[in-house]
Amino acid sequence: MDRSALYKQLLKQAAALVEDEPDFLASAANLCALLHEGLGNWWTGFYFVKDNQLVLGPFQGPVACTRIAKGKGVCGQAWEKAQTLVVEDVHSFPGHIACSPASNSEIVVPFSLNGQVFGVLDLDSTDFRYYSAMDAKYLPRFLELLAPKWKQVP
Ligand code: SME
């Protein structure tokens, strides 16, 4: 299956998983598992904006850094710029935060409500150049399923 067909299939599964579930955290946790397994990522997870920092949310994969300051690493920059960042080789990204030495490429997608970024979705791979414009196109659609359920996570 090509990646576009895979994304279409995963989007259908994602909609079915979360459409009748009002709880934001439960929905985020399941989307994380779906994307992790479905895309074969090394690490898949959410960070949420709290007290002007990114704080770790539901994730799949090895343990990760708990807090990330605005502008730091790929996640902090995606948040600051409110822009998806595709990093083909994390070792050449200035300020990259190496939570796991096995990670070689990454995509970070910020998500917003009413113009305000309230979190990011971070996908990491052990392969170089694992993510592309294709991922940047489809991943926000998973976040659109989640955004209406957003409530500040305790
Ligand atoms: N590499 C990320 C940090 C988060 S972890 O990879 C899970 C970054 O540079 O923002």
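Every number for a ligand or one of its atoms is a count from 1 in the order of the listing. Numbering of residues begins at 1 and proceeds along the displayed sequence.
Applying the 4.0 Å criterion to heavy atoms of Gly73 picks out, from ligand 1, the atoms 9 (O), 10 (O). Distances below 4.0 Å separate heavy atoms of Trp43 from the following atoms of ligand 1: 7 (C). Atoms of ligand 1 found under 4.0 Å from any heavy atom of Ala64, numbered from 1 in the order shown, are 7 (C).
Close N/O approach between His96 and ligand 1 is found [any backbone or side-chain N/O within under 3.5 Å]. Considering backbone and side-chain N/O atoms, Asp124 comes within less than 3.5 Å of an N/O atom of ligand 1. Taking any N or O of Ala98, backbone or side chain, none lies under 3.5 Å from an N or O belonging to ligand 1.
Residue, atom and distance of the protein heavy atom nearest to atom 4 (C) of ligand 1 are Asp122 OD2, 3.3 Å. Protein heavy atom at the shortest distance from atom 1 (N) of ligand 1 is Ile97 O, 2.7 Å. Among all protein heavy atoms, the one lying closest to atom 8 (C) of ligand 1 is Val74 N, 3.3 Å. Counting only heavy atoms of the protein, atom 10 (O) of ligand 1 lies nearest to Cys75 N, 2.8 Å. Among protein heavy atoms, atom 5 (S) of ligand 1 sits closest to Cys99 SG, 3.1 Å. With hydrogens left out, the protein atom closest to atom 2 (C) of ligand 1 is Glu106 OE2, 3.1 Å, a heavy atom.
At least one side-chain heavy atom of Leu39 sits under 4.5 Å from a side-chain heavy atom of Arg3.
For the salt bridge (Lys or Arg N to Asp or Glu O under 4.0 Å) test, no residue two or more places apart in sequence or in another chain qualifies with Arg67.
Of the heavy atoms in Phe59, none comes closer than 4.0 Å to ligand 1.
Taking the six-membered ring for Trp and the full ring otherwise, Phe118 and Phe111 have centroids separated by under 6.0 Å.
We find the OG-OH distance between Ser125 and Tyr131 to be 4.5 Å, quoted to the nearest 0.5 Å.
One N or O on the side chain of Asn41 and one on the backbone of Leu35 form a donor-acceptor pair closer than 3.5 Å. Between the side chain of Asn104 and the main chain of Asp89, no donor-acceptor pair closer than 3.5 Å is present. With hydrogens and angles ignored, the 3.5 Å screen pairs no side-chain donor or acceptor of Thr44 with any backbone N or O of Gln60.
More than 12 non-hydrogen atoms from other residues, nucleotides or ligands lie less than 6.0 angstrom from NZ of Lys149. Residue Trp43 qualifies as enclosed at atom CH2: its count of foreign heavy atoms under 6.0 Å is above 12.
The closest approach between any non-hydrogen atom of Tyr47 and ligand 1 is below 4.0 Å.
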